[in-house]
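I have placed the structure first, in the form of structure tokens, so that the comments after it can refer back to it.
Whatever order the structure lists them in is the order used to number ligands and atoms, beginning at 1.
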Amino acid sequence: MRRALCPGTFDPVTSGHLDIIERSASLFDEVVVAVGLSPDKGGGPLFSVDERVGFITSAVKHLTNVVVRPFDTLLVEFAQMNDAHVIIKGLRAVTDFEREFQMAQLNYRLDADIETMFIMSIPEYAYLSSSAVKEIARHGGSVRGLVPDAVCEALAARLNQSH
Ligand code: PNS
């Protein structure tokens, strides 16, 4: 069984993430989407880890070999616990490279049996990010098509609440 991890903060999941998850699912027997708690990232996530897991679970319902799980450990430990030997990350524009390169090197140093592989984002999503989505939504712009519809509604509800 070839099992891969697709890790991220997914705050919230975007169409770009879902494209990478879908392509990973066609390459591996099983894909575990690993949702990091990431409490320190950018002042703390907008959505709780349960909400983030829920959005992805609904969006990948049609993919029978994908499961979604939260994690709050080192990524390589979570990979070991799930018997996954591959970590898949999406790569967008060049700006992603430095951070991803650092994480891949550190993860390799922590466990050389776990390989990091990169899938290039399609041009349509090359500049899409969770933070850009939140910024657009915060200013009342439409993010329809950039995230699942349920996330659109949740963003509107969450961001209106905080006004
Ligand atoms: O969505 P992101 O920001 O690319 O996701 C980052 C994530 C959650 C994959 C990363 O922060 C992570 O692996 N966190 C777990 C802690 C860890 O293992 N850190 C060492 C790798 S540098």
Side-chain angles (χ1 to χ4, degrees), residues 3-25 27-28 30-60 63 66-138 143 146-148 150-152 154-155 158:
R3 186 178 288 125
L5 283 193
C6 276
T9 303
F10 304 110
D11 184 44
V13 68
T14 67
S15 304
H17 293 134
L18 292 170
D19 178 57
I20 300 293
I21 294 167
E22 199 150 323
R23 287 157 70 193
S24 305
L27 293 169
F28 289 86
E30 193 172 296
V31 169
V32 179
V33 180
V35 182
L37 263 64
S38 308
D40 304 328
K41 200 177 170 189
L46 179 63
F47 294 104
S48 73
V49 73
D50 289 342
E51 289 171 312
R52 288 179 272 144
V53 166
F55 294 141
I56 306 169
T57 305
S58 307
V60 300
L63 302 170
V66 176
V67 295
V68 188
R69 296 186 182 133
F71 79 102
D72 194 18
T73 60
L74 279 177
L75 184 58
V76 290
E77 279 174 23
F78 191 69
Q80 290 156 3
M81 272 155 43
N82 284 274
D83 195 27
H85 294 271
V86 176
I87 292 169
I88 300 183
K89 298 292 306 255
L91 257 196
R92 296 166 301 185
V94 281
T95 43
D96 273 344
F97 182 78
E98 206 168 329
R99 181 165 173 268
E100 293 299 342
F101 188 67
Q102 181 191 33
M103 285 198 279
Q105 298 290 336
L106 290 171
N107 286 330
Y108 184 80
R109 159 105 211 205
L110 291 168
D111 186 341
D113 289 332
I114 298 174
E115 201 66 65
T116 301
M117 294 176 62
F118 294 96
I119 293 184
M120 305 299 285
S121 141
I122 57 168
E124 197 181 338
Y125 299 138
Y127 291 93
L128 177 58
S129 68
S130 299
S131 24
V133 160
K134 283 182 282 191
E135 187 164 321
I136 295 169
R138 200 166 279 127
V143 290
L146 301 179
V147 293
V151 173
C152 280
L155 276 166
R158 183 65 44 93

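Taking T73 as the reference, nothing meets the side chain to side chain donor-acceptor pair (under 3.5 Å) condition, with sequence neighbours excluded. E30 pairs by the side chain to side chain donor-acceptor pair (under 3.5 Å) definition with R3, not counting sequence neighbours.
Crowding of M81 atom CE: a count of heavy atoms from other residues, nucleotides or ligands under 6.0 Å exceeding 12. Atom CZ of F118 has more than 12 heavy atoms from other residues, nucleotides or ligands within 6.0 Å.
Residues D72 and V49 have side chains not in contact (no heavy-atom distance under 4.5 Å, counting atoms from C-beta outward).
Listed by first and then second residue, the salt bridge (charged side-chain N to carboxylate O under 4.0 Å, His left out) pairs involving residues 81-98 are K89-E100, R92-D96 (not counting sequence neighbours).
A distance limit of 4.0 angstrom between heavy atoms and ligand 1 selects the residues P7, G8, T9, S38, K41, F71, T73, L74, L75, K89, R99, M103, L106, N107.
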